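See structure below.
As the structure is a computational prediction, the values presented were derived from the model and not from experiment.
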Amino acid sequence: MSSQANIENGSSAYQTSKTYLRATRKYYHLKIFQQIATLSTSFVEVLLIGSLSFFALVFIAISSALALGELLENRALGYLLMAAVFIFLAVGIFLVRKKIFAIILRKLSKNYFE
């Protein structure tokens with residue numbers, strides 16, 4: 001083979017490599033953008049739904065405490081029972097927290113590695 005053919009083959013390989021690297025770089029830029037967009041929209045969704053659910057839960061708890069207080073003819077006891085319900089729920093969530101974290105991690109990794 002002549003040196004001219006070697007130069008052309010080398011130049012062709014260089015151009016192919018350069019094109020491949022540009023395409024790979026663009027792909028990773030798009031992949032990073034997709035991950036950031038997914039994370040951002042998920043965060044906003046959780047923030048909105050979580051805050052509205054929190055307010056709903058507060059009003060449900062207050063009205064339940066008042067109803068229990070009237071039923072038991074002792075408003076303080078109604079609030080105390082609602083506090084006990086929340087403590088019971090908190091302990092229950094604490095006991096299954098590893099399962100909850102595993103589910104969240106599985107969903108996040110599925111989104112990330114797709």
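- When the side chain to side chain contact (heavy atoms under 4.5 Å, CB included) test is applied to Ile36, the partners found at least two apart in sequence or on another chain are Ile32, Ser40.
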Quick one: side chains of residues 43-69, donor-acceptor pairs under 3.5 Å with protein atoms, not counting sequence neighbours, listed by atom name and distance.
{"unit_1": "Ser51", "atom_1": "OG", "unit_2": "Leu47", "atom_2": "O", "d": "3.0"}
{"unit_1": "Ser51", "atom_1": "OG", "unit_2": "Leu48", "atom_2": "O", "d": "3.0"}
{"unit_1": "Ser53", "atom_1": "OG", "unit_2": "Ile49", "atom_2": "O", "d": "2.8"}
{"unit_1": "Ser63", "atom_1": "OG", "unit_2": "Phe59", "atom_2": "O", "d": "3.1"}
{"unit_1": "Ser63", "atom_1": "OG", "unit_2": "Ile60", "atom_2": "O", "d": "3.0"}
{"unit_1": "Ser64", "atom_1": "OG", "unit_2": "Ile60", "atom_2": "O", "d": "2.7"}

List the atom pairs, with distances to 0.1 Å, where a side-chain N or O of residues 86-93 and a protein N or O form a donor-acceptor pair under 3.5 Å, not counting sequence neighbours.
none

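- Under a cut-off of 6.0 angstrom, the local environment of CZ in Arg97 is crowded, with over 12 non-hydrogen atoms contributed by other residues, nucleotides or ligands.
- To the nearest 0.5 Å, atom OG1 of residue Thr16 and atom NZ of residue Lys18 are 12.0 Å apart.
- Atom OH of Tyr27 sits about 8.0 Å away from atom CD of Gln34, to the nearest 0.5 Å.
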